[in-house]
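Inspection log for the structure reproduced underneath, given as structure tokens.
Model, not experiment: these values are computed from the prediction.
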Amino acid sequence: MGLSRMFRSLVFKIGMGLMVIYPLFIVLVSLKNRTPDSEPLNGVYNSGLVFIGLLIGAFVSVLIGQDYIEKTINNKIMAGHSRTAIYLSDFIVAFIGAVIMQLGCMAAASAVAIPLYGMYSTPLSEILRMQPIILCIIAVYTALALFVTTIVNSKSYAVAASMFLTMAVFAAGMMSYQVITEDKAEKALAAEQGKVIEMTKDDTLALKIFGVIYDTDPQSQVCILSEDRYPENGTKMIITDIAAIAVITSAGLLNFCRKDIK
């Protein structure tokens, strides 16, 4: 999968269109309640991150699946390209494509939101500090999609498997974010009122599990970034993401190198 082929693909164009249209839709909806004293639309530039994992899963599985159908990968191997180089180049191309989608979202959102609502009140330094986390989130989703697609040869099955896994990650991340956020709010309220929240062992264990998902799940991280500030556990998120990328990519590469490609 090369950059030129990716840019020409319909699925990439659709994904790019959604990433550009979605923030514009948010701005247009916000116009209903707009007043002269309205606050800037902070965070609208990252709104597309909500479903970027689904878009990555779709366009990676479709393009790589097409490579299997057209025997493109087999032809590259016969031409002397190493499997490691093929796999990593696919990862890099897919990652670049997803980053371009995110940049398109940021550009479209800012082009409309700033003239209508004014410059974002979030400091530029804070926005820049969040970018490494965003890149890590995109890389995790890319590694997951490529891993699943490499295991499944069929284009249709690859799309289904990739989307299923992405939606599972999406659901787990959303749920963990809600649970941990509500728990923090309850504890903060109890502290203000001088109360102590009693928890059973099962509740404590459940919170620990949700806490791990909260820190490591890319969709949970997206929700955290929606608060439009550098998260307290930002460094931990980056470290866990890099570890996840390394493990998933290594597993996918190991499978690809041993795979019988016809």
Side-chain angles (χ1 to χ4, degrees), residues 1-29 44-77 79 81 85-112 134-135 137-171 218-219 222 248-249 252 256 259 261-262:
M1 176 176 64
L3 283 173
S4 60
R5 180 166 175 264
M6 182 187 68
F7 290 145
R8 293 196 305 268
S9 69
L10 178 61
V11 67
F12 176 79
K13 292 177 181 178
I14 293 174
M16 188 70 188
L18 289 174
M19 288 290 285
V20 170
I21 293 173
Y22 184 65
L24 300 182
F25 175 76
I26 292 178
V27 174
L28 291 176
V29 171
V44 68
Y45 41 81
N46 285 333
S47 57
L49 287 175
V50 173
F51 52 79
I52 195 170
L54 298 174
L55 296 179
I56 292 173
F59 88 79
V60 169
S61 56
V62 168
L63 291 178
I64 300 299
Q66 191 66 33
D67 281 346
Y68 280 110
I69 293 175
E70 297 176 355
K71 308 294 183 180
T72 302
I73 294 178
N74 188 47
N75 293 337
K76 288 181 179 180
I77 294 174
H81 297 283
I86 294 172
Y87 190 89
L88 294 180
S89 65
D90 285 342
F91 174 83
I92 292 172
V93 169
F95 175 75
I96 291 175
V99 171
I100 291 175
M101 287 184 183
Q102 169 62 9
L103 292 175
C105 175
M106 297 178 70
S110 299
V112 178
I134 292 175
L135 293 177
I137 290 171
I138 292 174
V140 170
Y141 271 125
T142 303
L144 278 172
L146 185 58
F147 172 74
V148 173
T149 306
T150 304
I151 293 177
V152 184
N153 285 353
S154 171
K155 180 180 177 181
S156 57
Y157 288 156
V159 174
S162 181
M163 295 301 291
F164 177 81
L165 178 60
T166 303
M167 291 183 70
V169 172
F170 179 91
Q219 196 61 38
V222 168
I248 297 170
T249 302
F256 184 68
K259 187 172 186 176
I261 300 176
K262 298 179 181 181

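- Counting heavy atoms from C-beta on, the side chains of Tyr141 and Val60 never come closer than 4.5 Å.
- In terms of heavy-atom proximity, Ala109 sits nearest to Pro23 at CB-CB, 3.6 Å.
- With hydrogens and angles disregarded, no donor-acceptor distance shorter than 3.5 Å links the side chain of Ser110 to the backbone of Ala107.
- Within 6.0 Å of CZ on Phe25 lie no more than 12 heavy atoms contributed by other residues, nucleotides or ligands.
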List the steps and the verdict of side chain to side chain contact (heavy atoms under 4.5 Å, CB included) for Thr249 and Leu88. CA-CA 8 Å; Thr249 302; Leu88 294 180; 4.1 Å; yes

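- Here the shortest heavy-atom pairing between Val50 and Phe170 reads O-CE1, 3.4 Å.
- Considering all non-hydrogen atoms of both residues, Met101 and Met16 come closest at CA-SD, 3.6 Å.
- Between Leu144 and Thr166, every side-chain heavy-atom pair lies at or beyond the 4.5 Å cut-off.
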Assess whether side chain to side chain contact (heavy atoms under 4.5 Å, CB included) is satisfied between Ile138 and Ile56, documenting all intermediate values. CA-CA 8 Å; Ile138 292 174; Ile56 292 173; 4.0 Å; yes

For a side chain to side chain contact (heavy atoms under 4.5 Å, CB included) check, start with the C-alpha distance between Ile96 and Ile92, then their side-chain angles and the critical distance, and finish with the verdict. CA-CA 6 Å; Ile96 291 175; Ile92 292 172; 3.8 Å; yes

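- The shortest side-chain heavy-atom distance between Val148 and Ser61 does not fall under the 4.5 Å cut-off.
- The minimum heavy-atom distance between Leu135 and Phe95, with the atom names listed, is O-CE1, 3.4 Å.
- Taken to the nearest 0.5 Å, the CG atom of Asp90 stands 11.0 Å off from the CE atom of Met6.
- Ala108 and Leu24 get closest at one heavy-atom pair: O-CD2, 3.4 Å.
- If you take CG on Leu55 and CG on Leu49, they are separated by 10.5 Å, rounding to the nearest 0.5 Å.
- For the pair Val27 and Val44, the minimum side-chain heavy-atom distance is below 4.5 Å.
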Chi angles and distances behind the side chain to side chain contact (heavy atoms under 4.5 Å, CB included) call for Val222, Ile137: CA-CA 8 Å; Val222 168; Ile137 290 171; 3.9 Å; yes

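- Closest non-hydrogen pair, Met163 versus Leu54, comes out as SD-O, 3.6 Å.
- Residues Leu165 and Phe147 are not in side-chain contact: their nearest non-hydrogen atoms beyond the backbone lie 4.5 Å or more apart.
- Using bins of under 30°, 30° to 60° and over 60° for the plane-to-plane angle, the ring pair Phe51/Tyr22 lands in the perpendicular bin.
- Expressed to the nearest 0.5 Å, how far CZ of Phe12 lies from CD1 of Ile100 amounts to 5.0 Å.
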